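Everything on this sheet refers to the single structure shown next.
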Amino acid sequence: MSTEAPPETDVGRWHRLDRRMLLIRPVLDVVKSLPVLIGTVILGRGNGWEWFGLGVTALTVLVGVSHVLTSRYRVADGQVEWTTGLLLRKHRAIPLDRIRTVDVTSEPKHRLFSLSAVRIGTGRHSLAQGAGNDQLVLDAVSRTEAHRLRTVLLHRKEISPEAETKPPEQVVAEVDRRWVRYAPFTLSGLAVVGAVFAAVWHFAHQLNIAPENVGPLRDLLDDLANTALWLIVVVAAVGLLVVVSLLSVGGYVLSFWNFKLTRESEGTLHVRRGLITTRSVSIEEERLRGVEVKEPLPLRIAGGARLTAIAGGLREGKGGDKGGGLLLPPAPVGRVHEVAAEVLRENFDPATVPLNRHPRRALTRRLTRAIGGVLLLAAALFGLAWIDFLPSWMWQVALGLAPFAALVGWDRYRNLGHAIVGRYLVSRSGSLARATVAIRREGLTGVVVSRSFFQRRAGLITVTAPIAAGKGGYQVVDVGESAGLAMAERAAPGLLTPFLSRDAQR
């Protein structure tokens, strides 16, 4: 495929990455190469290895500079094209009708020079081609150019790169500063504390440093040896709670400050958020397949929830891909319900519609699985304690969790439910992480009915609704056989009729 640039016309002309990135990219490449550079200098000690580190660093910087200087892109002939490379040329073209999302992110390195990174997602993923093959990244364009690309790629509407006029938009939701009170109940700070502790502990042992032999820590352990166990537990719990709360609040502010959800006149939902790193995600409403209201137990106890979109092209990834479908951060559950109804343009709230309850046999399965898991753990710990491998108190603590497990099992059953409301299939499940899903029936690609050996004995089935969005499929678990088949028939009319007729004849 030829990569020759056409004449420089306004329509379809080639653009280059912003040259201001040349002031940022070399610094970032040097920072990334610091472990290699420091390691070779320390290990080299005059035998020439330090030159190897310098060479690797110089090569990394050269590759980064080459990427900025040689990258070009254009939108022409119904596709977006991108080419880069000095010695090894790469050229990629994506048809406009395959583009699902345009994600505009401005990290601190970009905001320093008023730049943005534009991620053009197709929503398709191939294991053979790699995880990042479903998106094209233009990592250094001006904010005005990023706005132009978003308009052109999503709305097929060309505007001048110098134009500052933005399309009219309707504000659907904005963050309220009082919502920060829900941050500690997301437990995001607990993950940060665990990750930092594990990293420090691993790094210390890699350097053959026993943390318990470090002066201040050793003195602290000596003092704790003379302190009552209950007091240690209380102080540690309070300290952990304070640290986790502070980290959670900080993460909430950094991620969701200036959050705004708007609806543009072209039929696009536009999400902007972030304090230091800003992110802008556009979701075409014609690709919206439903919404999901997520209520983790701590957040549910606090009366909060968060809302995510189920839409084609939004990846369920990590890092930069995570949270692309977020429609509302942790907020009052009532406000989440209002936004869900407004996003779907319906006069009902999918998260509060009356749901059909599942049979009592489903309660038996919930309790058996919850309590049985705890009893098996207690039995395993008892066996290890019996051979003097673990202390006896561990299996006793595990056994004491049985009432809590029973309560969780009962709550899981209480939350089970499903309903067909208009053009939506609504289902709810979970306890520690309760989720209510409303998906459009016309977006279903089929219906999958399955049941395990134990479900067959209980007369229950699981109905899975496959959809080309979100997780790829949503389950209605442990529903009665006749009610589940009737629901599946209503969700996808005519699809199961031949099989139901065949079973009736048998």
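For the numbers below, each heavy atom of this structure counts, side chains included, while hydrogens, waters and symmetry mates do not. Treat the numbers as computed from the prediction; the structure is a model and nothing was measured.
- Heavy atoms from other residues, nucleotides or ligands lying under 6.0 Å from CZ of Phe113 number more than 12.
- Annotation: cation-pi geometry not satisfied between Arg92 and Trp82 (NZ/CZ under 6.0 angstrom from ring centroid, within 45° of ring axis).
- Taking Asp18 as the reference, Arg20 meet the salt bridge (Lys or Arg N to Asp or Glu O under 4.0 Å) condition, with sequence neighbours excluded.
- Ring planes of Tyr73 and His15: parallel class, angle under 30° (limits at 30 and 60°).
- Here Ser427 contributes atom OG and Ile420 contributes atom CD1; the two are 9.5 Å apart, rounded to the nearest 0.5 Å.
- In this structure, Arg345 pairs ionically with Glu285, as a charged nitrogen and a carboxylate oxygen lie closer than 4.0 Å.
- With sequence neighbours excluded, no residue satisfies salt bridge (Lys or Arg N to Asp or Glu O under 4.0 Å) with Glu342.
- Residues Val291 and Leu344 meet the side-chain proximity criterion, which asks for heavy atoms closer than 4.5 Å.
- Between Trp179 and Pro332, the shortest heavy-atom contact is NE1-CD, 3.2 Å.
- Residues Val80 and Leu153 have side chains in contact (heavy-atom distance under 4.5 Å, counting atoms from C-beta outward).
- Residues satisfying the salt bridge (Lys or Arg N to Asp or Glu O under 4.0 Å) criterion with Arg357, sequence neighbours excluded, are absent altogether.
- Not counting sequence neighbours, the partners of Thr262 by the side-chain hydrogen bond (donor to acceptor under 3.5 Å, both in side chains) test are Glu169.
- In this structure, the side chains of His270 and Ile283 stay at 4.5 Å or more apart for every pair of heavy atoms.
- In this view, Arg428 satisfies the salt bridge (Lys or Arg N to Asp or Glu O under 4.0 Å) rule with no residue, not counting sequence neighbours.
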If you look only at distance, which donor and acceptor atoms sit under 3.5 Å apart when one is on a side chain in residues 299-308 and the other is two or more places apart or in another chain?
unit_1, atom_1, unit_2, atom_2, d
Arg300, NH2, Asp411, OD2, 3.1
Arg300, NH2, Ser431, O, 2.7
Thr308, OG1, Glu292, O, 3.4

